[in-house]
Amino acid sequence: MIRAPVLAAVALMLVAGKSDPLAGRIAGTPVRCITLQQLNGPEIVDSQTILYRQSGKRIWKTGPVGECASLRPFDTMIVDVYGGQLCRNDRFRTVSNGMSIPSGYCRFRDFTPYDKVK
């Protein structure tokens with residue numbers, strides 16, 4: 001069948017056409033906690049990258065501590081938040097589309113700010 005190669009080619013083009021959200025930005029010093037006020041997200045980029053956007057000017061990059069097999073783009077994150085901050089080692093789970101049972105717990109790494117180059 002010719003469908004499988006065509007589908008694979010279309011999928012490859014979609015992945016290749018995806019722009020890097022951190023392009024044109026420079027990394028700052030990682031911090032232990034970020035304030036959730038004025039943040040949009042989370043956005044799961046891949047199994048090691050989670051982004052939070054801050055008022056259109058700064059992007060915070062984090063990811064899981066170690067392996068988090070359930071972390072996939074388009075999944076929904078359930079984040080345990082205590083107070084107004086999100087910190088390293090805070091826990092989160094994911095739920096895949098069409099599912100109702102969340103994954104096991106994963107933990108956040110430090111948060112690295114990315115700002116636009118002036």
Side-chain angles (χ1 to χ4, degrees):
M1 288 181 71
I2 206 161
R3 287 187 196 169
V6 171
L7 289 174
V10 170
L12 195 57
M13 287 188 302
L14 289 173
V15 170
K18 187 177 180 182
S19 64
D20 180 6
L22 301 176
R25 296 177 180 271
I26 188 164
T29 304
V31 297
R32 186 173 187 272
C33 297
I34 58 173
T35 302
L36 291 173
Q37 188 176 24
Q38 298 179 346
L39 287 183
N40 293 320
E43 175 187 341
I44 303 170
V45 176
D46 56 40
S47 65
Q48 291 297 310
T49 310
I50 302 166
L51 302 178
Y52 283 88
R53 296 177 188 272
Q54 181 179 355
S55 303
K57 63 179 182 174
R58 175 174 277 176
I59 296 177
W60 292 94
K61 178 182 173 186
T62 188
V65 171
E67 185 73 23
C68 184
S70 62
L71 191 60
R72 292 182 294 269
F74 306 112
D75 282 358
T76 300
M77 286 182 64
I78 304 167
V79 180
D80 293 348
V81 178
Y82 303 98
Q85 291 189 320
L86 195 57
C87 296
R88 176 181 64 223
N89 290 323
D90 280 354
R91 300 183 316 168
F92 66 89
R93 298 180 288 170
T94 62
V95 177
S96 296
N97 289 332
M99 304 300 286
S100 60
I101 300 174
S103 69
Y105 281 102
C106 298
R107 297 177 295 127
F108 287 109
R109 291 190 308 246
D110 282 340
F111 297 83
T112 303
Y114 282 78
D115 294 310
K116 290 184 180 179
V117 178
K118 294 180 181 176

Spell out, yes or no, whether [X] and [Y] are grouped together once hydrophobic residues are joined by side-chain heavy atoms under 4.5 Å, including indirect joins.
X: Ile44; Y: Val95; result: no
X: Ile26; Y: Ile59; result: no
X: Val45; Y: Tyr114; result: yes

So, taking the atom named [atom1] in [X] and the one named [atom2] in [Y], what distance separates them when rounded to the nearest 0.5 Å?
X: Lys116; Y: Lys57; atom1: NZ; atom2: NZ; answer: 12.0 Å
X: Glu67; Y: Ser47; atom1: CD; atom2: OG; answer: 6.5 Å
X: Gln85; Y: Asp90; atom1: CD; atom2: CG; answer: 9.0 Å
X: Ser55; Y: Asn40; atom1: OG; atom2: CG; answer: 7.5 Å
X: Phe108; Y: Arg32; atom1: CZ; atom2: CZ; answer: 13.5 Å

Gly28 versus Thr112, closest heavy-atom pair with distance
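Distance-wise, the nearest heavy atoms are O-CG2, 3.6 Å.
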Looking only at heavy atoms, which two atoms of Ile50 and Pro42 are closest? And how far apart?
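What the structure gives for the nearest pair is CG2-CB, 3.7 Å.
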Is there side-chain contact between [X] and [Y], with heavy atoms separated by less than 4.5 Å?
X: Pro21; Y: Leu51; value: yes
X: Gln48; Y: Pro64; value: yes
X: Leu22; Y: Lys61; value: yes

Using the side chain to side chain contact (heavy atoms under 4.5 Å, CB included) rule, take Phe111 and Leu86 through it: C-alpha gap first, then chi angles, then the decisive distance, then the call.
CA-CA 9 Å; Phe111 297 83; Leu86 195 57; 3.9 Å; yes
Will you find, in the side chains of Arg72 and Thr94, an N or O donor that is under 3.5 Å from an N or O acceptor?
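Looking only at side-chain atoms, Thr94 and Arg72 do not form any donor-acceptor pair under 3.5 Å.
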Distance-only side-chain donor-acceptor flag, Arg58 / Gln38, under 3.5 Å
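There is no such pair (donor and acceptor under 3.5 Å, judged by atom type) between the side chains of Arg58 and Gln38.
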Run the ring pair (Phe, Tyr, Trp, His ring centres under 6.0 Å) check on Phe92 and Tyr105 step by step: do they pass?
CA-CA 6 Å; Phe92 66 89; Tyr105 281 102; 8.9 Å; no
Going through the checks in order, is the side chain to side chain contact (heavy atoms under 4.5 Å, CB included) test met by Val81 and Leu36?
CA-CA 9 Å; Val81 178; Leu36 291 173; 3.4 Å; yes
If we ignore hydrogens and angles and just use 3.5 Å, is the side chain of Thr62 paired with the main-chain N or O of Asp110 as donor and acceptor?
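Indeed, once roles are kept as given, a pair shorter than 3.5 Å links the two residues.
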Can a donor-acceptor pair be found, under 3.5 Å and without considering hydrogens, that links the side chain of Arg93 to the backbone of Ser70?
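No, Arg93 side chain to Ser70 backbone: no donor-acceptor pair under 3.5 Å.
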Can you name the one residue among Ile78, Thr76, Asp75 that meets side-chain contact (heavy atoms from CB on, under 4.5 Å) with Pro102?
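Passing option: Ile78.
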Electrostatic pair Asp115:Arg25 at N-O distance under 4.0 angstrom:
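No, Asp115 and Arg25 are not salt-bridged.
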Applying side chain to side chain contact (heavy atoms under 4.5 Å, CB included) to Trp60 and Gln54, what does each step give before you reach the verdict?
CA-CA 8 Å; Trp60 292 94; Gln54 181 179 355; 2.7 Å; yes
Let's go through Arg88 and Arg109 carefully: what are the C-alpha distance in whole Å and the side-chain angles of both, what is the deciding distance for side chain to side chain contact (heavy atoms under 4.5 Å, CB included) to 0.1 Å, and is it a yes or a no?
CA-CA 5 Å; Arg88 176 181 64 223; Arg109 291 190 308 246; 5.6 Å; no
